[in-house]
Number of protein chains: 2
Amino acid sequence: MNSSSTRSRGRPSRIDSPRTLRTALELLDEAGLDALTMRRLADAMEVRAGALYRYYATKQDLLTAMSEQMMEGVTEKVLATDGAPWHERVADFARALRTALLNHRDGARVFAGTHPTGGNVLGFSEALVGVLLDAGFPADDAARTLYALSNFTVGHTLEEQAARSGENGGADAAGLLRSAVTDGSYPHLHTALSALASTDFDRHFEYGLGLLIEGLRARRPG
Amino acid sequence: MNSSSTRSRGRPSRIDSPRTLRTALELLDEAGLDALTMRRLADAMEVRAGALYRYYATKQDLLTAMSEQMMEGVTEKVLATDGAPWHERVADFARALRTALLNHRDGARVFAGTHPTGGNVLGFSEALVGVLLDAGFPADDAARTLYALSNFTVGHTLEEQAARSGENGGADAAGLLRSAVTDGSYPHLHTALSALASTDFDRHFEYGLGLLIEGLRARRPG
DNA sequence: ACCTGAACACCGTTCAAGT
DNA sequence: ACCTGAACACCGTTCAAGT
C-alpha cells in the first residue's frame, strides 16, 4: 500500500500525471491559456511533446483535469461556514466557485471549455444541492438553481478575466464603451456609464448574485 | 451616393467584408467554430488565405464582426413587444439574446470570445437599460442588471450548445452524470437526477431567468 | 488595387525506434 | 517501460511579387 508499489521497478519516469497537472497550472498562471501548448508544457518539464500523451490522451483531457484540480478544497472551504441561513450558504457556494476560477489566469475559460465529472466538481454540486434540499426546495428547483448559479458565475468570471487581461494598454473595453457612448447616440448608456465602465467586479458579481438569491427567497416553499 | 461609388474603378474584388462575413457565418453553421479557419474560409471563397487580411486585419476582428452580425435585428424584434409590463420586457431581452446565439452553431462561444461594440450590440444594451430606467431603477442598478442578464444568458447558452453538440454518441454529459451518481456517493444529486440530466434547456433557462426577474421585482424602488 | 505564392513560426497528435 | 525523433496534417499571419 505504500506509494512506491504503484510503479513497477525500472527507470523512474520523469513525468507523471500529478506533475504534468501541476506544471500545466503553473504555465497557465505564467503565460495564459493561449500559450499553454503541449510543446511549451513539454519544454517546462524537459521532455518531448509526444511523451505527455502517455499520461493524458488528449490536451482536452489535461484541461479537464485542470478544471477538476482548480475546484480542489472549494467545497470544504464553503462547508466550514456552517450555521448561517440557507441563502447565505448558497451565495457562498457561488462566491467560492468564482474565487476558485479567479485563482488561476484564464481559469473561467479553462473551466467553461471542459466538463469535469470528478470528485471535486461533483462534491461541490452535491453539497450545494444538499443545502437547497434542506432549505425545502423541490429536487427539480435545486437542480436548476445549481445550473443558474453556475452559469451566471462562469459567465461573469469569463467577462471579468477577459476585461482584466485586456486592460493593459489604452483600448480596453471600458474605454471603447466610453468613446462609443459619448457621441450622444446612446443616451441611456450615457446615463448609466459610471457603473457600465466600472471595473469593480466584486460589486457587479454581488449584484447579480443578490438578484438570484432574492429570487430564490421569493420562490421558496413554505 | 450610389453604391458603386464606394469602390474606384478597376478589377472588381472577388471578396469584400460583407461577403466574407456572410461566408464565415455559413461555414460556422456547417462546420462549427473549430473548423472555421482562415484557410477553410478562403477555400469557400475561392481565394488564398492571405487575401482575407485585406478586409479583416485579424481573425479576432472577423469573429467580432460575426458577433455583431448575430445581433442584427434583435433589438427591433424585442421592442415590437410593446405595452407589456417592464419585467416581461426585460425577460424578453434575455430570451432574444439567447435565441440570437442559438441561431448559429457555437454562437455563444463566438460571442463570449469577442467584445463587440457595434450598433447592434450597443443598441441592444441601450434599449434594455432604457426599459430598466423607465421602470424606475437607478442607473447603477440598470447597468448591473444588463451585465447580470447577459452573463447568465451567455453562460447558459455556452453550456446548452456544448451539451447539444456533444450529445451525439453515448458518452454525453447526462450519461456521465448518471453513471457517476448511481454508485451512491452523491445522494442529493441522485435525488435531483431527473432535472440534472434533463436536456430541456428552455426550462433550465426560464428557471434562472425567472429568479433574476423576481429578484429585480423585489428590488425595484417605489 | 487586389490577389497569389511562398514562407515563417508555430500547432495537436502519432508512432517506429531507441535505451 | 518510458521517452525520443521525426513526421503528418494542419494553424494565423506577413509580404514581395505578379496582374
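In what follows, chains carry the letters A, B, and so on, assigned in the order in which the sequence lines appear, proteins first and then strands, with residues in each chain numbered from 1.
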Q: Name the orientation class of the two ring planes belonging to A:Phe152 and A:Phe205 (parallel below 30°, tilted from 30 to 60°, perpendicular beyond 60°).
A: parallel
Q) Want to settle it: does A:Gly50 or A:Arg40 sit nearer the 5' end of DNA chain C, counting the closest nucleotide to each? A) A:Arg40
Q.
Please report the distance, rounded to the nearest Å, between CG in A:Asp43 and P in C:dC10.
A. 11 Å
Q) To the nearest 0.5 Å, how far apart are OH in A:Tyr186 and OG1 in A:Thr191? A) 14.5 Å
(Q) Output the rounded distance in Å from OH (A:Tyr55) to P (C:dT13). (A) 17 Å
Q.
Among C:dT13, C:dT4, C:dC11, which nucleotide has an atom closest to any side-chain atom of B:Val47?
A. C:dT4
Q. For D:dA1, what is the paired nucleotide under Watson-Crick or G-U wobble rules, both distances under 3.5 Å?
A. C:dT19
**Q.** Whole-Å distance separating the CG atom of A:Leu36 from the C1' atom of C:dC11
**A.** 13 Å
Q) D:dA16 P sits how many Å from B:Arg48 CZ, rounded? A) 21 Å
Q: Using atom CE of A:Met38 as one end and atom C1' of C:dC10 as the other, report the distance to the nearest whole Å.
A: 16 Å
Q.
Tell me which nucleotide, if any, is Watson-Crick or G-U wobble paired with C:dA7 when both distances must be under 3.5 Å.
A. D:dT13
Q.
With side-chain hydrogen bond (donor to acceptor under 3.5 Å, both in side chains) as the test, pick out the partner of A:Arg98 among A:Asp202, A:Asn103, A:Thr157.
A. A:Asp202
Q. Cation-pi between A:Arg164 and A:Phe201: NZ/CZ under 6.0 Å from ring centre and within 45° of the ring axis?
A. no
Q | Spacing between B:Arg54 atom CZ and D:dA16 atom C1', to the nearest angstrom | A | 12 Å
Q) Quick one: B:Leu52 CG to C:dC2 P, roughly how many Å, whole number? A) 14 Å
Q: In whole angstrom, give the distance that lies between atom CD of A:Glu46 and atom P of D:dC3.
A: 13 Å
Q) What heavy-atom pair brings B:Ala65 and B:Tyr56 nearest, and what distance separates the two atoms? A) CB-CE2, 3.8 Å
Q. Between D:dA9 and C:dA9, how far is it from one P atom to the other, in whole Å?
A. 23 Å
Q: Nearest-nucleotide wise, let me know which of A:Ala51 and A:Arg39 is further upstream toward the 5' end of DNA chain D.
A: A:Ala51
